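Report on the structure given below.
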Number of protein chains: 2
Amino acid sequence: MIDTESRFKALRDKLKQTDHRLTPQRAALLRLLAASEGHPSASDLYDQIKAQFPTTSPATVYKTLHLLKEMGEVLELGFSDDDNRYDGHNPAPHPHLICVRCHKIIDPPIRVAESLVQEVTDRSGYKIIGHRFDIYGVCPACQGRA
Amino acid sequence: MIDTESRFKALRDKLKQTDHRLTPQRAALLRLLAASEGHPSASDLYDQIKAQFPTTSPATVYKTLHLLKEMGEVLELGFSDDDNRYDGHNPAPHPHLICVRCHKIIDPPIRVAESLVQEVTDRSGYKIIGHRFDIYGVCPACQGRA
DNA sequence: GTGCTTGCAAACAGTTTGCAGATAG
DNA sequence: CTATCTGCAAACTGTTTGCAAGCAC
């Protein structure tokens, strides 16, 4: 894994390179994303930024997340029945292990076989862009809570 | 793959076994789900049912889909930025190949290695319930449309 | 100074819910 | 007969959009 500081700089530079401005609100968001291990929701991020810049609005968070997502610097995990979650630390597709009770998301130590995606590419005629692999379960803590 | 008629009967029997009523609206939905190859949305299903029972409401479709999902007889593919899609023909988890342009969803001829899910089960301490594997791409038809 | 960005509020869309009347078993 | 189901309409929730004022560069 890349350290937080270099990841922050990479995000910041990406903005500059694409002629976007680094506002204090954006800098705060970039820092949070660079450091995040826990797949925060937009509202998690918003709450943390609001602590530093009380007038910040959710719209700003959403707009910046959208921007970074377009650039491929943030991975969005969309859920139809829950807040979307964001990974700006490691935006490449990777498997996620999701607790269906508490909605905690961790990165399990496995890899999706490249060959599997390659096989689809070869056989389907589709131009493959990415993938998503979610495993659902109940985390140890939630099992304890019966 | 199971044929449409047996699948319909299985769905119908499942409802009876759990003390639920087979209304004409539900029967129509069950038939559509049993036959569906194309991962229809709730609104697709609603439109088709409304052709037969013009007073049907979306709520009825949603309620019945929810019921069948709880029973494990329908697989729901939730999307945060698009309608959810439903597979009542083959409700076991299986990979999906999704066109990011036209949102068509097909079942690619691959299988997720059991060993991968097993590995997570063994190592994580989570009680595994299911999984979802989506591959995103552009279908041949949409590539043609430039 | 220029025009991208912010923050507010209203709009949005799919889904869910509450309830009174209808109906399957 | 009676509990479940339907259909309507309103509510809900996370996200997006429009726009005037603000600020990065």
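In this text, all values refer to a predicted model and were calculated from it rather than measured experimentally. Proteins get letters first, then strands, A, B, ... in listed order; numbering begins at 1 in each.
Nearest to the side chain of Arg21(A), among dT5(C), dG7(D), dA9(C), sits dT5(C).
Residue-environment remark: CD1 (Ile2(B)) stays at or below the threshold of 12 foreign heavy atoms within 6.0 Å. Within 6.0 Å of the NZ atom in Lys69(A), the count of heavy atoms belonging to other residues, nucleotides or ligands exceeds 12.
Contacts of Asn84(A) with the nucleic acid, taken as non-hydrogen atoms under 4.0 Å apart, involve only primed sugar atoms and P, OP1 or OP2. Within 4.0 Å (heavy atoms only), Asp19(B) reaches no atom of the nucleic acid at all. Among the protein residues, His66(B) comes within range of no part of the nucleic acid, since none of its heavy atoms lies under 4.0 Å from any strand. Nucleic acid contact for Ser43(B): none, since no nucleic acid atom lies under 4.0 Å from a heavy atom of the residue. Looking at heavy-atom distances under 4.0 Å, Pro24(A) makes contact with sugar-phosphate atoms alone, never a base.
Between the side chains of His39(A) and Asp107(A), at least one donor N or O lies within less than 3.5 Å of an accepting N or O. A side-chain donor from one of Asp122(A) and Gln118(A) sits under 3.5 Å from a side-chain acceptor of the other. No hydrogens or angles considered: nothing links the side chains of Gln48(A) and Asp44(A) as a donor-acceptor pair under 3.5 Å.
Taking atom NE2 on His103(A) and atom C1' on dT13(D), their separation rounds to 14 Å, with Å as the unit. Atom CG of Leu77(A) is separated from atom C1' of dT15(D) by 16 Å (rounded to the nearest Å). In this structure, NZ of Lys69(B) is placed 10 Å from P of dT15(C), rounded to the nearest angstrom. At whole-Å resolution of the value, CG in Leu65(A) and C1' in dG14(D) are 13 Å apart. Between the C1' atom of dT16(C) and the CG atom of Leu67(B) lies a distance of 15 Å, rounded to the nearest Å. The CG atom of Asp82(A) sits 16 Å away from the C1' atom of dT16(C) (whole-angstrom rounding). Note: OH (Tyr62(B)) to P (dG7(D)) measures 15 Å, nearest angstrom. Rounding to whole angstrom units, CZ of residue Arg85(B) and P of dG14(C) are separated by 12 Å.
The 5' end of DNA chain C is approached more closely, in terms of each residue's nearest nucleotide, by Thr56(A) than by the other of Thr56(A) and Asp83(B). Sequence order on DNA chain D of the closest nucleotides to Pro54(B) and Leu22(A) puts Pro54(B) first from the 5' end. Nucleotides of DNA chain C nearest to Thr23(B) and Tyr86(B) differ in position, and the one nearer the 5' end is that of Tyr86(B).
Side-chain N/O atoms of Gln25(A) include none lying less than 4.0 angstrom from OP1 or OP2 on dC23(D). Contact annotation: Ser57(A) side-chain N/O to dC8(C) OP1/OP2 distance is not under 4.0 Å.
Counting atom types as modelled, Lys63(A) pairs a side-chain N or O with a base atom of dG7(C) as donor and acceptor under 3.5 Å.
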